[in-house]
Amino acid sequence: MVSVAHLNPEQRDAVLHTHGPLLILAGAGSGKTRVIVHRIAHLLAQGHPAEAILAVSFTNRAVREMEERVSSMIKDPTLVKKLTLSTFHSLGVKILRKELSRLHYPQRFTIYDPSDQLAILRRVMSENRIDEAFHPPKDLLAAISQAKNLFLDPNDLVHTTHHALYPNIMVLKKAYSLYEDALRVCGAVDFDDLIRLPVKIFRSFPDALHTWSNRFQQIMIDEYQDTNRAQLLMVDCLASVHKNLCVVGDDDQSIYGWRGSDVSNILHFDKQFPGARTIMLTQNYRCSAHILDAANKVIAKNQNRYDKSLWTDALPGPRIGLATLPDEEKEARYTVEQLFEIKHAEKRPWRDFAILYRTNAQSQAFEEALRQERIPYKLVGGQTFFERKEIKDTLAYLKVLHLPSDEISLRRIINYPPRSIGNTTIDHLSETLRDGRFNSFYQACEHAEQIETLTPSARKAILDLLQLFDLFRLRAQRTKLSTLTLELLQELRLFQHLHREYKNPNEAKSRIDNLSSLINAIEQYERRVDHPSLDDYLERISLDSHSEDDDRETEKDHVTLITLHGAKGLEYPVVFLVGMEDGFLPFYRQGEEPDVEEERRLCYVGITRAKQRLYIFRALERRRFGRNLERDPSRFLADIPKELTFFLQAEQQRQAQSEEERDKKFKSFFSEIHSLLNKS
DNA sequence: TATACGATTATTTTT
DNA sequence: TAATCGTATA
């Protein structure tokens, strides 16, 4: 029997309610993962088969945490393995692996990341004379993504209702459908397709829907406030038979609206799933009372939300420290100074500290200040390992080995390292596709002999490359992936090429180091997994690009630098919320309206990351695009009651104030004289 | 095919 | 400002 004794009454209710739709409104730090994990244990104890339980979250991190905590509660590892604990996207892949051929896709498929998406879109645009100058590919891609998230096909788009997606609907329709066709030819899907296509399949093939909706008797969705329309439809399909759907989320932490997530999914859950019960978890176990109080006051100003207020048993704790610095460099230096002082006064490890900001660019000043003081830090976000050029190039070879129809990957490496296949050759190859002679780029290469326009040397180069692929495909049968990759790099003489390509020997060296890290990562993967394969490896890295550093990194002792978005779901004993200025939080650019409610939620997320100590800093002036800009304090600062805060630099503050007063007196003196003179 | 130059353009981005 | 990108040019 699962012990429910150490849960609070609401948590207990949530665990024990297992029949019919259930909405758990879980405030920040209210123990929601705990509830999910207990609920899974309880369902198993009730006799639900593990195979019939599905729990979905957004991030791999959240899924891993769920796995770990379930495992420590349920001692039987074979039982845990039978549960489906997965991200939305890996669930999508799981479904597509079985069902995608129904939509006339090839049996295998690859997943294209945003840079692949952009490459493929730009290609179809240039082939169809859509001018990039008038139609920025990035904007079109964003619009296509939004359309997919709304579960709209190209044909569904009409100007009158969808002009917000993109100003020119005809162009959007055209680009979207060309893009779709191109993806299909490549045997590729994008991230949005991982949600959209399963729904399409469920809608068109009742037997597919039948299989999947019968399978899961119990479904739990985490971070429900971040779901978009397509995800809602997917959930709706999966839960359509058993209707045992439990969603967990917090409308106040919905911060991905700009990516298509729709707060109304959680706000109107009971309309979508009639008879739903709602349970609110309002006791916060994370923050000190002052911090929680401030968070409550800030978020209360939002209109579009469930009316609720979190409470805590915790002590008030120290007040929130405020400081205003002259510019961003001083802000960073001051932050590091404070951090250092607290660390030593309270004997804290570095990992207790996090610096939270709105935009990645803000991290720079803090990195510099931390480096100067030789403080270990970890920058979360930015370019990931798998986005590095040399890594992408190598993986492109592996991807073509795995799926020859992957044209984007093939084009990426067809002349890298250079093998004298220039643009003209590539154009000639593409032409044969357009006139229908061949139906894939790879196939055109295979028939290079028959393409008259090619020069003999180009023909040879192409056939040599294909031979290399054939050779390695053959080797792949008996060689393990890590060895195969190394052999490939040697065959390509890529290390030698990198030395030639980068004049700066350090850069060449660092790229080579990265490649050997890749080999290491593959070896690690081979050790960790039961049945390693190229197929499986490629899928993993496209769905979990941070996996290489996640497992061991967490144990290291360092300060964390992270954006507010990235910090959601995390907590730190000491938090510095920096750049608290109008324009950053709420973020907006001149001439554009900020989405104040969403920005306020972001601010709320930031405040509620702090367990014991919170500091909020701002700068008076900031260099932006080469100009110095004066900055006003964030309007959200005014919503934090004065009695919860104190000014860290009281001395400096007083000085500044007295200067200001002197200034004022000076001015009024002058205006008096002025008026006197005028009278006379 | 490498380099150089001028234009462009600066959020957040779980997957 | 600075980093990126596309085009021009050798």
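To find a chain, count down the sequence lines: A is the first, B the second, and so on, and within it residues start at 1. Everything numeric here is computed off the predicted structure, so don't read it as measured data.
In this structure, A:D131 places its CG atom 10 Å from P of C:dT7, rounding to the nearest Å. What separates CG of A:L570 from P of B:dT14 is a distance of 13 Å, to the nearest Å. Going from atom CE of A:M125 over to atom C1' of C:dG6 covers 15 Å, rounded to whole Å. In this entry the distance linking CD of A:E132 with C1' of C:dG6 reads 10 Å, nearest Å. When rounded to the nearest whole Å, the span between CD of A:Q231 and P of B:dT14 equals 13 Å. Counting to the nearest Å, the C1' atom of C:dT1 and the CG atom of A:D327 are 15 Å from each other. Rounded to an integer number of Å, the gap from CD of A:Q146 to C1' of B:dT13 is 12 Å. Rounded to a whole Å, the CD atom of A:E65 is 18 Å from the P atom of B:dT14.
Residue contacts shown for A:R122 are limited to sugar-phosphate atoms, with no base heavy atom under 4.0 Å away.
For A:F191, taking side-chain heavy atoms from C-beta onward, the closest of the listed nucleotides B:dT15, B:dT12, B:dT1 is B:dT15. Comparing B:dA10, B:dT13, B:dT15 by their closest approach to the side chain of A:T87 singles out B:dT15. When distances run from any side-chain atom of A:N415 to the nucleotides B:dT1, B:dT15, B:dT11, the shortest one goes to B:dT1. Nearest to the side chain of A:R358, among B:dT15, B:dA10, B:dT12, sits B:dT12. Comparing B:dT12, B:dT15, B:dT14 by their nearest atom to the side chain of A:Y256 picks out B:dT14. For A:H565, the listed nucleotide lying nearest its side chain is B:dT13; candidates were B:dT13, B:dT14, B:dT1.
Between A:R623 and the phosphate of B:dA10, there is no side-chain N or O to OP1/OP2 separation shorter than 4.0 Å. Contact annotation: A:T563 reaches the phosphate of B:dT13 (side-chain N/O to OP1 or OP2, under 4.0 Å). In this structure, A:N360 does not reach the B:dT11 phosphate: none of its side-chain N or O atoms is under 4.0 Å from OP1 or OP2.
Judged purely by atom type and a 3.5 angstrom limit, A:D139 has no side-chain atom pairing as donor or acceptor with the backbone of A:H135. A donor-acceptor pair is defined here as one N or O able to donate and one able to accept, closer than 3.5 Å; such a pair exists between the side chain of A:Q225 and the backbone of A:D250. At distances below 3.5 Å, not a single donor-acceptor pair connects side-chain atoms of A:S264 with backbone N or O atoms of A:L267.
Both thresholds, 5.5 Å between centres and 30° between ring planes, are not jointly met by A:W258 relative to the base of B:dT13, so the two rings are not stacked.
Along DNA chain B, the nucleotide nearest to A:I421 and the one nearest to A:E598 differ in position, and the one closer to the 5' end is contacted by A:I421. When each of A:S542 and A:R419 is assigned the nucleotide of DNA chain B bearing its nearest heavy atom, the one mapping closer to the 5' terminus is A:R419.
Remark: the A:K392 side chain and the A:S115 side chain contain an N/O donor-acceptor pair separated by less than 3.5 Å. Using modelled atom types and a 3.5 Å distance limit, the side chains of A:N60 and A:D544 yield a donor-acceptor pair.
A distance of about 15 Å separates the P atoms of B:dT12 and C:dC5, rounded to the whole Å. Distance noted for atom P between B:dT11 and C:dT4: 13 Å (whole Å).
Note: A:Y224 and A:F269 meet the aromatic proximity criterion, with ring centroids under 6.0 Å apart.
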